[in-house]
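In what follows, a single structure is set out as structure tokens and then discussed.
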Amino acid sequence: MRTAEVAGVGEFCGQEVLLKGWVYNIRSSGKILFILVRDGTGTIQCIVEKASAGGELFDAASGLQQESSIEIRGTVSEDSRAPGGYELQVTGLDVIQIAEDYPITPKEHGMNFLMDHRHLWLRSSRQHAILKIRAGLIRFIREFFDNRGFICVDTPIFTPSACEGTTTLFETDYFGDKAYLTQSGQLYNEANAAAFRKVYCFGPTFRAEKSKTRRHLIEFWMVEPEVAFAELDDIIQLGEDFIVEIVGRSLESYRDLLTDVLERDLAPLERVQPPFPRISYNDAADILKKRETGFVHGGDFGGTDETVLSEGYDRPFFVHRFPAAIKAFYMQPDPEDESLTLSVDLLAPEGYGEIIGGGQRIHDLELLKRRVGEHGLPEKAFEWYLDLRRYGTFPHSGFGLGLERTLAYICGIKHIRETIPYPRLLNRLSP
RNA sequence: GUGGGCGUAGCUCAGGUGGUAGAGCCCUGGAUUGUUGUUCCAGUUGUCACGGGUUCGAAUCCCGUCGUCCACCCCA
């Protein structure tokens, strides 16, 4: 007998197959049992009729409980009454284990309870859908860069110094020395860009920010491209092409999961078409001033500021040329106004906010040295970084995209904690 | 970290103004040939978060502690 997976069960129509999986739900209606079996690739309704299956099989099947592990044999048939279109007329059942008192029932649960049972919660259809789309999104991201001649060059997770503020760094003991978990691969990316021209890194990053919001994770994944000889406009264009492609491919590949399981309204995603609006920080500030959001010119945007700005657009939009005072030390000054930087953020609509941050980097050695000093950073730790400006310096730009925020946006889910298998939050390190 | 809400059965919750607790789900038994989070009948389940106070008496009122959820600051 053929062993099949639920995802490809349609190919075995009319044949008897063996499925291995778990009981997702079980219903009975007198002399007929409906067992919903999931095997990780999908779910299928399995039918046990007392008359045709016999008492022994029927009794064994009635004793199943949610999440019991089983090997089940039966004949595949197409039936419009079955969810998914196919069902299994059961001819045999081997129980691996009866799962007793599975904590997550098909009824309502509180968030804390679900988070405590995250290791089990992943089996439910909604979490399964989100993480399946996550896997696809990671693939689309890699393929976007790989297909354009970018080289994936990994950057270290243990780092000797900070690239932004040290208050948000996780400090660890490194054989008696201090090491920090990476916040960004960017500084290394710049070295890699000098070697490979177009590079990206993609991995976990860590920020010890004491903020608990629906948009923050302590540990999250970020993809960061860096391009030699690219200037601000080039990197904005790259960001636009990138978002259009990864949103488009997600929509194309996961339309059913998005609508049926996650109940995502696809219209806003369908509108993710070029060109994206590009507004300057100063123009954005003028808009906010008229709306009295409490925004102070020169400061960063708050949550309501981002919402107000996004109301003006039907798709993601870029805000560029932020004040130097609120950006990292390596940002290239705007030649037309030295108080501004050649920086850019991409804000997603529907309240999802910033998903991309980036810009053009300083390539002048003296200016960069000065900025390191102004930001109170130890020049010694940055010697290797300054070397990039000593030996064949070059204009270059890049950005970082937060994987989980982007996934939350694509899936239309409110809280970022559902977008990563095991979220690390301010008050949660387990499971 | 700041502000607000909530901690009662394994889960989700109800318990005006104080009198030692209840409903649904889950589970067990029974009924129904096609269910779609099946429905119906019967049954089992408690340190009312913890500590202190007021009171004849506290799940209920007061104080504190802890946990949790939501919002804000910050960032991707």
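A note on names: the letters A, B, ... follow the listed sequences, proteins ahead of strands, and every chain is numbered from 1.
The separation of B/G22 from B/U45, taken at their P atoms, amounts to 12 Å, rounded to a whole angstrom. Separation of the P atoms belonging to B/C13 and B/U54 is 34 Å when rounded to the nearest angstrom. Taking the P atom of each, B/U65 and B/G46 are spaced 32 Å apart, rounded to whole Å. If you take atom P in B/C74 and the same atom in B/C69, they sit 23 Å apart, rounded to whole Å. Look at the P atom in both B/U38 and B/A21: the space between them is 34 Å, to the nearest Å. For the C1' atoms, the distance from B/U55 to B/G18 is 9 Å, rounded to whole Å.
The side chain to side chain contact (heavy atoms under 4.5 Å, CB included) check on A/A285 picks up A/F295, A/H297, with sequence neighbours excluded. By the ring pair (Phe, Tyr, Trp, His ring centres under 6.0 Å) test, A/H128 pairs with no residue at all, sequence neighbours left out. A search for side chain to side chain contact (heavy atoms under 4.5 Å, CB included) contacts involving A/T91 returns A/E16, A/R73, A/T75, not counting sequence neighbours. Residues satisfying the ring pair (Phe, Tyr, Trp, His ring centres under 6.0 Å) test with A/W221, not counting sequence neighbours, are A/F202. With sequence neighbours left out, the side chain to side chain contact (heavy atoms under 4.5 Å, CB included) criterion links A/S68 to A/V23, A/L64, A/Q65, A/I98, A/A99. Remark: A/F317 engages A/Y313 in a ring pair (Phe, Tyr, Trp, His ring centres under 6.0 Å) (not counting sequence neighbours).
Dashed line: the shortest gap from a side-chain N or O of A/K212 to OP1 or OP2 of B/C70 is not under 4.0 Å. Proximity of A/R417 to the phosphate of B/C70: a side-chain N or O atom is located under 4.0 Å from OP1 or OP2. Neither OP1 nor OP2 of B/C75 sits under 4.0 Å from any side-chain N or O of A/Q183. Close to B/A71, at under 4.0 Å from its OP1 or OP2, lies a side-chain N or O of A/R214.
At a threshold of 4.5 Å between non-hydrogen side-chain atoms, the residues A/F276 and A/V244 count as touching.
Residue pairs meeting the side-chain hydrogen bond (donor to acceptor under 3.5 Å, both in side chains) criterion with at least one partner in residues 344-360 of chain A, sequence neighbours excluded, are A/R264-A/E350, A/K327-A/D345.
In this structure, A/H415 reaches the sugar-phosphate backbone alone: every heavy-atom distance under 4.0 Å involves primed, P, OP1 or OP2 atoms, never a base. If you check every strand for non-hydrogen atoms under 4.0 Å, A/D79 touches a base. At a threshold of 4.0 angstrom between heavy atoms, the contacts of A/T406 with the nucleic acid are absent. If you check every strand for non-hydrogen atoms under 4.0 Å, A/I356 touches sugar and phosphate atoms only. Within 4.0 Å of A/F113, counting heavy atoms only, lie sugar-phosphate atoms of the nucleic acid but no base atom. Residue contacts shown for A/E49 include a base, since a base heavy atom lies under 4.0 Å away. As judged by a 4.0 angstrom heavy-atom cut-off over every strand, A/G353 is placed among residues making no nucleic acid contact. Nucleic acid contact class of A/I355 (heavy atoms, under 4.0 Å, all strands): sugar-phosphate only. Among the heavy atoms of the strands, none lies under 4.0 Å from A/P103. Residue contacts for A/Q65: at a heavy-atom cut-off of 4.0 Å it reaches the sugar-phosphate backbone alone, with no base atom in range.
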Distances under 3.5 Å between nitrogen or oxygen atoms of protein and nucleotides 7-9 of chain B:
none

Distances under 3.5 Å only, N/O to N/O: pair up the protein atoms with those of nucleotides 38-41 of chain B.
| from | atom 1 | to | atom 2 | distance (Å) |
| --- | --- | --- | --- | --- |
| B/U38 | OP1 | A/N25 | ND2 | 3.3 |
| B/U38 | OP2 | A/N25 | ND2 | 2.7 |
| B/U38 | OP2 | A/R27 | NH1 | 2.2 |
| B/U38 | O4 | A/S28 | O | 2.0 |

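Judged by distance alone, the side chains of A/Y200 and A/N192 never bring a donor and an acceptor atom under 3.5 Å apart. Side-chain contact annotation: A/E219 with A/T205, donor-acceptor N/O pair under 3.5 Å absent. Side chains of A/T41 and A/D39: a donor on one and an acceptor on the other come within 3.5 Å.
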Quiz prompt | Base-pair map of RNA chain B as dot-bracket, where | denotes pairing with a different strand and pairs are Watson-Crick or G-U under 3.5 Å | solution = (((((((..((((.....[..)))).(((((.......))))).....(((((..]....))))))))))))....

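Between A/R278 and A/E240 a salt bridge is recorded (basic side-chain N to carboxylate O distance below 4.0 Å). With respect to A/R428 and A/D116, a salt bridge is recorded, a charged nitrogen being found less than 4.0 Å from a carboxylate O. Using a 4.0 Å cut-off between a side-chain N of Lys or Arg and a carboxylate O of Asp or Glu, A/R215 and A/E404 do not qualify as a salt bridge.
Within residues 84-95 of chain A, the residues having any heavy atom under 4.0 Å from RNA chain B are, by residue number, A/E87, A/Q89.
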Distance-only donor-acceptor pairs under 3.5 Å for side chains of residues 47-61 of chain A, two or more places apart:
none

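Residue whose closest nucleotide on RNA chain B sits further toward the 5' end, between A/R405 and A/M115: A/M115. Both A/I218 and A/N112 lie close to RNA chain B; mapped to their nearest nucleotides by heavy-atom distance, the more 5′-ward contact belongs to A/N112.
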